[in-house]
Amino acid sequence: MSSMFYKNTDIQFNDHPKFANVKIAALVTGKDTDTASVCLLDIAPDTNIPVHTHDPQVDSIYVVSGNGQAFVNGEWKDIAAGDYIFVPASEEHGIKNNGGESLKLFVHHSPPLL
């Protein structure tokens with residue numbers, strides 16, 4: 001694998017394959033490397049990604065913009081731009097956008113989920 005560089009204007013968002021009102025931009029996938037996948041999520045207001053788990057992936061989530069809630073450690077916690085969430089493999093987690101604007105997340109999974 002060689003280094004990858006994306007200009008902001010070149011990043012393409014598509015409908016998420018599982019969640020309505022969620023857009024995804026896959027930046028790095030299992031086709032690129034066997035160590036990680038990286039994506040951006042754009043979650044519309046009043047949209048939830050239900051509580052779920054990944055196995056064997058760990059989930060690393062940085063809140064780029066917007067407000068909402070994340071289900072971590074068995075409870076819903078308020079999140080906002082600049083917050084970071086680490087979710088070990090097999091741990092329950094979920095996201096709610098209960099704000100008035102898009103909730104944008106930078107998500108890293110290892111090993112690749114995408």
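On a predicted model such as this, the values are computed, not experimentally measured, just so you know. Computation of the quantities below employed the complete heavy-atom set of this structure, encompassing side-chain atoms and omitting hydrogens, waters and symmetry-equivalent molecules. Positions are given from 1, in the same order as the sequence printed here.
- Interatomic distance, OH of Y62 versus CG of D83, reported as 8.5 Å (0.5 Å rounding).
- Side-chain heavy atoms closer than 4.5 Å link hydrophobic residues (I, L, V, M, F, W, Y) into clusters, and following such links, possibly through other members, connects V22 to I85.
- Put simply, the side chain of H109 never gets that close to the backbone of P111: no donor and acceptor are under 3.5 Å apart.
- Within the 3.5 Å criterion, the main-chain N or O of A89 finds no donor-acceptor partner in the side chain of Q57.
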Chi angles and distances behind the side chain to side chain contact (heavy atoms under 4.5 Å, CB included) call for K23, N14: CA-CA 5 Å; K23 300 284 187 184; N14 297 298; over 6 Å; no
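- Here the shortest heavy-atom pairing between K104 and D42 reads CE-OD2, 3.5 Å.
- Counting only heavy atoms from C-beta outward, the side chains of P88 and F86 approach each other to under 4.5 Å.
- T47 and N97 share no side-chain donor-acceptor pair at under 3.5 Å.
- Considering CZ of F106 and CG of L27, their distance stands at 6.5 Å, rounded to 0.5 Å.
- Contact detail for H93 and E91: the closest heavy-atom pair is ND1-O, 3.1 Å.
- Ring pair H16/F19 is tilted by interplanar angle, where 30° to 60° counts as tilted.
- Taken from CD1 in I49 to CG in N21, the straight-line distance is 11.0 Å, to the nearest 0.5 Å.
- In terms of hydrophobic clustering, with Ile, Leu, Val, Met, Phe, Trp and Tyr side chains grouped at heavy-atom distances under 4.5 Å, F13 and V28 are assigned to a common cluster.
- The backbone N or O of T35 lies less than 3.5 Å from a partner atom in the side chain of T33, making a donor-acceptor pair.
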Full working for side chain to side chain contact (heavy atoms under 4.5 Å, CB included) between H108 and S110: CA-CA 7 Å; H108 174 276; S110 182; 3.8 Å; yes
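- Across every non-hydrogen atom of L114 and C39, the tightest pair is CD1-CB, 3.8 Å.
- If you take CG on D46 and CD1 on I43, they are separated by 12.5 Å, rounding to the nearest 0.5 Å.
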Test side chain to side chain contact (heavy atoms under 4.5 Å, CB included) applied to V58 and V87, step by step: CA-CA 6 Å; V58 298; V87 183; over 6 Å; no
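- The CH2 atom of W76 sits 5.0 Å away from the NZ atom of K96 when rounded to the nearest 0.5 Å.
- Distance CD1/I11 to CG/L40: 5.5 Å, rounded to 0.5 Å.
- Between Y84 and S60 the shortest heavy-atom distance is OH-OG, 2.6 Å.
- Taking hydrophobic clusters as Ile, Leu, Val, Met, Phe, Trp and Tyr residues chained together by side-chain heavy-atom distances below 4.5 Å, V38 does not share a cluster with V63.
- Considering all non-hydrogen atoms of both residues, A81 and V64 come closest at CB-O, 3.5 Å.
- Using a 4.5 Å cut-off on side-chain heavy atoms (C-beta onward), L103 and I95 make contact.
- Q69 and I79 get closest at one heavy-atom pair: N-CG1, 3.7 Å.
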